[in-house]
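All residue numbers in this chain count up from 1 along the given sequence.
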Amino acid sequence: MFYWLIELSNTVPGLGVLHPFLNVFRYITFRTGGAMLTGALFVFLFGPWIIDHLRIRQGKGQPIRTDGPQSHLLTKKGTPTMGGLMILSGLVVATLLWANPLNPYVWIVLAVTLGFGFVGFYDDYLKVTKQTHSGFAGRIRLAIEAVIAIAACYALVRLGRDQLSSALVIPFFKEVVLNLGWFFVLFGAFIIVGAGNAVNLTDGLDGLAIVPVMIAALSFGLIAYLVGNAVFSDYLQINYVPGTGELAVLCGAVFGAGLGFLWFNAPPASIFMGDTGSLALGGMLGSIAVAVKHEIVLAVIGGLFVLEAVSVIVQVVSFKLTGKRVFRMAPIHHHFEQLGWTEPQIVIRFWIISVMLALAGLSTLKLR
């Protein structure tokens, strides 16, 4: 919305005098900061109202798994879920206010975010209404996510209209690019769906998922800004993707809305993110990584999410093949709970790991 003020100052008589002041809205960095502040303020202001309404409507809150850590049955029982609605509402408001509405990358990523958010919302709805920790069938959920992701990747490939749009860029190398052709659509969809579900698996303790998401969003906001700038991308010798710089605004909105949500999600949480938020935010990170051609770097910056997902896969495969479990409980944050780590210890240490992984991922921008 604010972006249109610039255009109005150029076309509407009498507003030209405001042009020097309004010109600041052209800068992505300024609008990213505005999106951060807007997202945070929106969730701060409307968060308590949303929590109260969700608590009233959900009654018993999110059902707690009986096969999970027994302490959760005492400390987390009755806490409302669907807190992702707070994040998504702040994200959408901030993005619509500060992002360039003519940029197709913004709408593609926003569509994936809201599409995955709707899938997660329906899953949370079934859990709450039926008071069971299992939502609707996993295969159906994955199929819907895949359709959304494939459509988004197809749009991204068509939008690029060059060989790079369907290529996989290898970090640490200047000119190593694998042209996957239309197979890239399936590869990109795998990245998006995988990211969504990896973040979903990480969301098991108060504040555990939202801070790594915020760290990843900040990292990819910087990457998007650099990739979308011809001067910076040439200096760093990374592939230039015109238009993707605007995704930094969306990443800023996520960071701001995440800060607001963390205020209410910090231990002991007043509300859980739920699948509504975790699937949406994971899908968003995956789609941004595909858009800016840094899919492999996502596995580094989001290494914590990868670790959580791999721990579940290893646990399931090991139990089916040998009848034995590798971890005391999966995902891996529950394993550390069973070892006697307190919840704040796990959460803060995982945050530290996320920061270190983000720094490692960002280092690939220069090490080429």
Side-chain angles (χ1 to χ4, degrees), residues 62 64-65 68-72 75-76 79 81 83-84 87 120 194-222 251 254-286 288-289 297-316 325-363:
Q62 176 174 301
I64 307 300
R65 292 176 53 182
Q70 294 302 303
S71 60
H72 290 195
T75 60
K76 302 184 184 300
T79 305
T81 186
I87 304 172
N197 286 278
V199 174
N200 180 237
L201 291 171
T202 307
D203 183 33
L205 299 177
D206 298 347
L208 178 59
I210 187 59
V211 171
V213 165
M214 291 161 55
I215 294 170
L218 269 185
S219 302
F220 271 96
L222 175 60
C251 290
V254 172
F255 182 82
L259 274 181
F261 177 75
L262 182 61
W263 182 269
F264 305 102
N265 188 238
S270 301
I271 189 169
F272 297 142
M273 182 189 298
D275 292 0
T276 307
S278 58
L279 278 178
L281 295 176
M284 181 214 70
L285 290 175
I288 291 177
V297 175
L298 175 63
V300 179
I301 293 176
L304 178 64
F305 307 132
V306 175
L307 177 64
E308 295 275 8
V310 169
S311 70
V312 173
I313 295 172
V314 170
Q315 186 85 323
V316 172
R325 293 180 172 87
V326 176
F327 306 102
R328 293 192 177 187
M329 187 176 292
I332 198 169
H333 56 261
H334 290 323
H335 171 77
F336 290 109
E337 277 191 293
Q338 298 300 318
L339 291 179
W341 291 21
T342 64
E343 184 169 344
Q345 282 180 316
I346 299 170
V347 171
I348 294 175
R349 287 171 180 174
F350 276 35
W351 290 354
I352 294 172
I353 293 173
S354 295
V355 172
M356 296 173 65
L357 289 170
L359 293 175
L362 290 174
S363 70

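Separating the CD1 atom in Ile215 from the CE atom in Met356 is a distance of 12.0 Å, to the nearest 0.5 Å. Separating the CG atom in Leu208 from the OG atom in Ser354 is a distance of 8.0 Å, to the nearest 0.5 Å. Note that CZ of Phe255 and CG of Leu262 are 9.5 Å apart. Values are rounded to the nearest 0.5 Å.
Partners of Ser219 according to the side-chain hydrogen bond (donor to acceptor under 3.5 Å, both in side chains) rule, which considers only residues two or more places apart in sequence or in another chain, do not exist here. For Phe327, the ring pair (Phe, Tyr, Trp, His ring centres under 6.0 Å) partners two or more places apart in sequence, or in a different chain, are His335. For Asn200, the side-chain hydrogen bond (donor to acceptor under 3.5 Å, both in side chains) criterion is met by Asp275, Ser278, not counting sequence neighbours.
Judged purely by atom type and a 3.5 angstrom limit, Glu337 has no side-chain atom pairing as donor or acceptor with the backbone of Glu343. In this structure, the side chain of Asp206 does not engage the main chain of Ala266 through any donor-acceptor pair within 3.5 Å.
Looking at every heavy atom in both residues, Thr81 comes nearest to Met273 through OG1-C, 4.4 Å. Nearest heavy atom pair, residue Cys251 against residue Ala217, reads CB-O, 3.2 Å. Scanning all heavy atoms of the two residues, the minimum distance from Ala209 to Val199 falls at CB-O, 4.5 Å. Taking each heavy atom of Leu304 and Leu357 in turn, the nearest pair found is N-CD1, 3.5 Å. Taking both residues in full, the closest heavy atoms of Ile210 and Asn265 are given as CG2-OD1, 4.1 Å, listed atom of the first, atom of the second, then distance. Taking every heavy atom of both residues into account, Gly258 and Met214 meet most closely at C-SD, 3.6 Å.
Counting non-hydrogen atoms of neighbouring residues, nucleotides and ligands closer than 6.0 angstrom, the CZ atom of Arg349 exceeds 12 such neighbours.
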Phe305 vs Leu298, test: side chain to side chain contact (heavy atoms under 4.5 Å, CB included). Steps then yes/no.
CA-CA 10 Å; Phe305 307 132; Leu298 175 63; over 6 Å; no

